[in-house]
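As the structure is a computational prediction, the values presented were derived from the model and not from experiment. Each chain gets a letter, A, B and so on, in the order its sequence line appears, and its residues count up from 1.
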2 protein chains.
Amino acid sequence: MVVGEIHPRVDCGTRPAKAVVGEAVPVRARIFADGRPRLRARGRLLPDGLAGGWRAARTFPLAPLVDDWWEGHLIPESLGPWRFRLEAWEDRFGTWCDDVARRLAARVDPGPELGEGWALLRQAARRLPGDQGRSLLRAATTAEGAGLERELAFLLDAELRNLLATLVWLPLTTSPAQPLWVERPRALFGSWYELFARSQGSDGLHPGSLAAVADRLPHLASLGFDVIYLTPIHPVGVTGRRGRNNAPVAGPGDPGSPWAIGSERGGHMDVDPELGTLADFRRLLARAEEVGMEVAMDYALQCSPDHPWVREHPAWFRRRPDGSIRPAENPPKRYDDIYPLDFNCRDWRGLWAACYEILDHWARQGVRIFRVDNPHTKPVPFWEYLVGRLRLEHPEAVLLAEAFTAPAMVRELAKVGFSQSYTYFTWRQTKEELVAYARELAEETADYLRPNFFVNTPDILTAQLQEGGEGAFRSRLLLASTLSSSYGIYSGFEHLERAALRPGSEEYLDSEKYQYRPRPDHGDPAMEDLIAIVNAARRDHPALQQFRRLFFHWADHPELLCYSKTTPGLEDRVLVVVNLDPWHAHESMVHLDLGQLGLGADASFAVRDLLDGAEYRWQGPHNYVRLDPARAPGHLFEVLP
Amino acid sequence: MVVGEIHPRVDCGTRPAKAVVGEAVPVRARIFADGRPRLRARGRLLPDGLAGGWRAARTFPLAPLVDDWWEGHLIPESLGPWRFRLEAWEDRFGTWCDDVARRLAARVDPGPELGEGWALLRQAARRLPGDQGRSLLRAATTAEGAGLERELAFLLDAELRNLLATLVWLPLTTSPAQPLWVERPRALFGSWYELFARSQGSDGLHPGSLAAVADRLPHLASLGFDVIYLTPIHPVGVTGRRGRNNAPVAGPGDPGSPWAIGSERGGHMDVDPELGTLADFRRLLARAEEVGMEVAMDYALQCSPDHPWVREHPAWFRRRPDGSIRPAENPPKRYDDIYPLDFNCRDWRGLWAACYEILDHWARQGVRIFRVDNPHTKPVPFWEYLVGRLRLEHPEAVLLAEAFTAPAMVRELAKVGFSQSYTYFTWRQTKEELVAYARELAEETADYLRPNFFVNTPDILTAQLQEGGEGAFRSRLLLASTLSSSYGIYSGFEHLERAALRPGSEEYLDSEKYQYRPRPDHGDPAMEDLIAIVNAARRDHPALQQFRRLFFHWADHPELLCYSKTTPGLEDRVLVVVNLDPWHAHESMVHLDLGQLGLGADASFAVRDLLDGAEYRWQGPHNYVRLDPARAPGHLFEVLP
């Protein structure tokens with residue numbers, strides 16, 4: 001017997017696959033044997049360190065699909081490292097029944113097979129619980145030899161067969177154990193809101209405060225956001241500080257990039273005194289908890305020239321032969337306000353430990369989510385150390401990797417253990433691009449890479465948003481929030497901010513990276529309404545809280561995209577049709593694969609649009625839609641039971 | 001640095017990938033590092049047991065493609081187990097040159113970088129061979145400090161850069177070693193001809209002989225066949241013998257199925273005395289060698305009730321509780337002439353060893369190819385034992401698996417070590433089916449599964465051949481012989497035999513499995529001409545001797561299939577257009593991906609049809625073809641240099 005091609009399995013089982021507590025993770029394998037006997041299989045799921053080991057592990061069922069594939073779902077119950085393995089065996093009594101049934105169908109005398117049937121039945125009875133086994137043996141003794149017809153009636157009885165099919169026949173064929181890393185549900189599902197703390201409550205000339213951020217939380221919570229992500233809140237360097245719109249020299253009062261971390265006021269473990277105190281930050285965490293949100297902190301491993309480390313640990317920075325520290329550069333860009341760290345320096349042990357201490361420090365304050373800046377510019381072994389240690393000491397921590405780089409590195413960082421990854425979503429805009437990319441994420445890398453679809457970031461204002469008006473904002477929001485279980489907006493978005501630094505640039509004009517950007521507490525009302533509705537739908541619909549069960553249905557029109565998301569048992573079914581064209585109404589037939597929705601080919605079924613509450617009755621696979629961006633970016637249907 | 005996603009790699013490196021002596025096997029991996037430095041990489045190839053280990057291993061170059069993929073080719077030189085691994089490093093001087101080039105392009109002063117450039121140059125010079133290194137150091141000492149322009153001219157000199165790019169900078173990042181099993185070229189490439197020895201020289205009532213087979217070899221050699229595969233030549237059982245057209249009872253003089261092996265005259269180690277003696281068989285082997293052919297022997301692990309093992313080893317057969325041996329059955333079919341062996345019996349060690357002895361016996365007679373009957377009905381661990389032992393003691397042996405079963409088992413047997421596999425080719429008939437299946441073989445399983453495309457077998461006469469007339473025979477021959485590096489015909493084929501047992505059956509009428517089928521030595525002349533031409537083309541064109549570099553080009557017409565095969569260096573380029581319709585002429589534009597043929601987008605190039613010698617001049621990607629099955633099944637073009 002062979003149990004092979006096991007999924008989920010990452011890098012041949014050398015890296016753990018990912019799951020969250022309570023998630024139904026699909027498990028698949030090819031299970032087959034010579035001679036095509038009747039097989040049965042199950043999985044076992046074990047938290048590392050469980051007393052009793054595999055014998056004490058919970059089992060979960062596997063059922064056959066086509067081509068020797070078997071499938072089941074495992075559901076881990078707690079944080080940390082788990083393992084699963086698969087076990088298969090021959091249902092020998094079932095094989096015998098199948099064989100006899102074939103003989104009967106082919107009008108071949110099954111008489112010579114009866115002896116083996118009775119022998120198997122006796123073996124099986126001995127494996128049944130005492131009373132059940134004994135009474136079966138007694139009945140068998142009476143029936144055996146009672147004549148072919150009565151014997152067959154006894155042996156082929158459906159109830160008996162079902163009973164014996166529950167038995168596990170030895171020997172088992174057991175797969176190698178497969179590692180699994182289990183995180184909090186927030187690692188899989190969340191609606192993120194990004195802001196610069198210093199803009200909150202600012203007048204444009206003076207910084208805002210952490211207290212003002214705390215005051216704004218109830219409104220963000222009412223919009224349905226789960227996570228507020230703060231760009232760095234540490235002291236900002238003075239040397240080399242950039243001015244407004246990335247001017248090489250800062251003007252008086254310019255606050256500088258918050259990613260130029262560190263000044264005489266402190267480094268990565270400190271709060272910028274202009275924003276408040278550590279106590280203010282703790283109050284912000286507490287306020288977030290009160291309104292049902294979490295705070296994500298920025299983790300950017302680089303230093304301003306004024307960072308205490310530059311004095312205290314000069315060996316941690318890369319130097320030229322003349323002894324000068326090499327600033328961050330990407331010619332023609334040069335960042336005199338930032339010194340990169342040299343992760344391969346002689347004192348790498350000291351540096352790596354110090355980097356870990358930063359995470360540990362904030363985790364002890366209560367931060368449980370970190371958004372990691374530019375992880376792809378640091379060595380992979382560093383992340384293996386850092387993430388590995390964090391997993392042990394703070395298993396509740398969620399890490400989002402901001403690796404805007406080539407696919408191989410994006411995947412590698414996810415395999416190393418980052419909980420989530422920024423993606424190429426902002427640049428996937430046509431129907432073809434979106435389908436190909438979402439499929440890659442849902443089918444190819446889902447076992448280890450969890451996407452977080454940001455619609456914009458302080459660095460990314462796409463031409464599509466610059467030029468597509470409100471319609472583009474609305475359709476991108478609907479796409480991000482329904483394609484991916486985690487998504488986010490950066491705070492200009494709900495205000496429909498779309499002025500670029502210059503034509504052809506994805507940089508914002510008057511970028512918040514270099515100046516205070518006070519905004520009204522409330523964004524564009526229509527936009528905020530839509531945000532509140534999609535976020536509520538995401539909280540109400542488990543189908544939207546995962547990204548594996550995503551299926552694209554055919555829509556005739558090239559600007560209309562149709563897809564469904566469902567829970568494994570089809571308890572929840574969401575069907576989305578998005579108009580990708582921000583300007584024009586389009587109509588189209590959509591052709592549903594009704595099997596994906598658990599519906600028969602000719603089913604009549606009702607759908608309710610969660611965006612406007614309208615209900616429609618649909619009939620069969622082919623249905624008509626018309627979407628006008630002036631009214632709505634699409635349909636967000638719940639398929640009614 | 002990461003060296004990952006290595007190909008070829010089978011089951012995570014737990015099974016060897018396959019290659020043949022002298023084959024250029026493509027090797028690919030993703031190689032990348034943080035910070036995007038200039039990388040270099042190479043492979044190392046090592047026969048197991050080489051003195052000196054990896055340090056003594058040959059290297060082969062790897063070059064970058066897109067998305068961090070690197071590719072190269074390894075060429076093993078001898079039979080047996082090999083390993084390869086990949087090594088990558090940073091070309092630190094090259095990284096520096098790239099950085100300075102970017103600065104110059106962006107008009108940024110490279111002055112502060114010069115010191116590092118000189119330092120790297122000195123490190124590099126110390127790695128060069130003595131004289132070369134010393135003279136470079138002298139020149140550097142003169143040039144350093146001579147002013148920015150002269151220093152840059154020296155450091156960025158293309159010749160210097162190329163020289164230093166050949167250096168291997170430490171530390172190396174090394175992949176795990178990947179196992180490789182290297183076989184004879186015949187495992188990859190061969191044209192097979194299958195016959196029943198007993199028909200050869202038969203008058204229809206009496207058996208032919210091995211001597212008559214030997215006499216026929218020169219003709220088969222003249223048709224270009226490489227392998228003659230003999231169905232079993234062992235004594236045939238009498239008990240339960242089947243009659244003509246699979247009648248349950250044999251008539252007088254019916255020879256019985258040759259797969260019902262064993263009688264009082266002997267078993268698997270013996271030659272049926274009716275066909276000749278072991279000496280005759282040895283003479284046949286010698287004659288084959290003289291004409292440049294090899295003999296493939298049938299290895300069918302089952303016994304007639306008269307097989308000596310039934311008496312000598314009763315424990316090797318599966319019995320019912322009443323002690324009777326269970327004959328082979330597939331209800332409603334029942335094969336009273338065949339007892340299956342019980343590979344899981346108590347004396348499995350004895351049985352497995354005896355099965356090995358059969359192979360060993362014939363290998364010692366000089367047989368180097370075995371066609372293995374129904375391997376999927378025996379346990380996989382048995383094959384692991386058998387193939388593993390054969391590999392050690394007879395590494396020149398080639399094994400063809402006749403596993404007509406579900407894909408998972410077909411693949412598993414290939415992974416276990418069978419050299420070749422029968423395939424689903426006969427049942428892949430439409431353009432869509434052929435493209436999907438050939439792609440699966442060339443792209444998905446090529447590292448371990450080598451296809452052998454038989455156009456027919458004694459069990460498989462497809463409806464397509466029954467109904468498609470000579471046209472179907474011709475187009476299937478052209479497909480099989482050009483899509484797959486190994487292909488075969490069973491001896492009715494060149495006679496255009498196509499009478500089925502009954503409508504809807506794939507069995508031959510008057511099947512040779514149950515009776516003598518004397519035939520003229522020469523088949524249909526047009527068919528034999530075509531066979532000789534395609535076999536000659538296969539011998540002349542290395543592109544046709546492999547199945548990895550297969551590319552399908554678009555042909556507008558749904559009955560026309562267009563594909564090319566090329567050698568890795570594009571030294572040989574074959575372009576095939578087949579008319580799948582056996583009855584009607586069709587014309588179509590074919591749209592070539594000229595890059596696949598190493599041609600520019602607007603290239604003008606000549607093609608010569610190997611079927612009729614006609615030459616055409618083609619221009620650019622879009623060209624016209626018209627194929628009339630009355631004239632030819634297709635074009636078999638050689639792309640001229």
Side-chain angles (χ1 to χ4, degrees), chain A residues 1-2 4-5 9 11-14 30-36 66-69 99-108 110 112-119 320-322 324 326 329-334 340 343 374-383 405-409 411-412 415, chain B residues 1-2 4-5 9 11-14 30-36 66-69 99-108 110 112-119 319-322 324 326 329-334 340 343 375-383 405-409 411-412 415:
Chain A
M1 182 138 19
V2 178
E5 298 184 57
R9 191 172 198 221
D11 277 3
C12 299
T14 58
R30 295 244 224 191
I31 302 178
F32 56 96
D34 55 288
R36 322 301 298 165
V66 294
D67 272 349
D68 299 317
W69 285 108
D99 181 63
V100 169
R102 262 199 306 273
R103 284 167 205 272
L104 291 171
R107 295 166 195 273
V108 173
E113 307 310 320
L114 281 182
E116 188 163 330
W118 289 115
R320 300 200 180 92
D322 67 3
S324 62
R326 178 188 287 282
E329 281 181 281
N330 188 12
K333 294 188 194 167
R334 176 174 163 147
F343 289 87
N374 278 334
H376 57 291
T377 61
K378 287 91 185 169
V380 171
F382 166 71
W383 295 116
T405 184
M409 181 60 99
R411 294 179 176 199
E412 187 71 12
K415 289 175 182 173
Chain B
M1 183 139 18
V2 178
E5 298 184 55
R9 189 171 199 224
D11 278 3
C12 299
T14 59
R30 294 243 225 192
I31 302 178
F32 55 96
D34 55 288
R36 322 301 298 166
V66 293
D67 272 347
D68 299 317
W69 284 109
D99 181 63
V100 168
R102 262 199 306 275
R103 283 166 205 271
L104 291 172
R107 295 165 196 273
V108 173
E113 308 309 320
L114 280 182
E116 187 163 331
W118 289 115
R319 286 168 194 276
R320 301 200 180 90
D322 68 4
S324 62
R326 177 188 286 283
E329 280 180 282
N330 188 12
K333 292 188 196 168
R334 177 175 162 145
F343 290 87
H376 56 292
T377 61
K378 286 91 185 168
V380 171
F382 166 71
W383 295 117
T405 185
M409 181 60 99
R411 292 178 178 199
E412 187 71 11
K415 288 176 183 173

Scored by heavy-atom pairs under 4.5 Å with chain A, the best of B/Ala106, B/Gly35, B/Pro379 is B/Pro379
Name the region of B/Arg107, side chain, backbone, both or neither, that has any atom closer than 4.5 Å to a heavy atom of chain A.
neither
Portion of B/Pro112 that has a non-hydrogen atom of chain A nearer than 4.5 angstrom:
both
Least distance between heavy atoms, A/Pro321 atom then B/Gly115 atom
CG-C, 3.4 Å
Checked A/His376, A/Arg102, A/Arg103 vs chain B; the most non-hydrogen pairs under 4.5 Å come from A/Arg103
Taking A/Ala119, A/Pro381, A/Pro407 one by one, which has the highest count of heavy-atom pairs under 4.5 Å against chain B?
A/Pro407
With a 4.5 angstrom heavy-atom cut-off, is it the side chain or the backbone of [X] that approaches chain B, or both, or neither?
X        : answer
A/Pro340 : neither
A/Asp322 : neither
A/Ala408 : both

Let's go through A/Arg326 and B/Glu113 carefully: what are the C-alpha distance in whole Å and the side-chain angles of both, what is the deciding distance for side-chain contact (heavy atoms from CB on, under 4.5 Å) to 0.1 Å, and is it a yes or a no?
CA-CA 9 Å; A/Arg326 178 188 287 282; B/Glu113 308 309 320; 2.7 Å; yes
Got a second to check how far A/Thr405's OG1 is from B/Asp34's CG, nearest 0.5 Å?
10.0 Å
Identified side-chain contact (heavy atoms from CB on, under 4.5 Å) partner of A/Arg30 from the options B/Arg411, B/Met409, B/Glu412:
B/Arg411
Which residues satisfy the side chain to side chain contact (heavy atoms under 4.5 Å, CB included) test with A/Thr377, sequence neighbours excluded?
A/Asn374
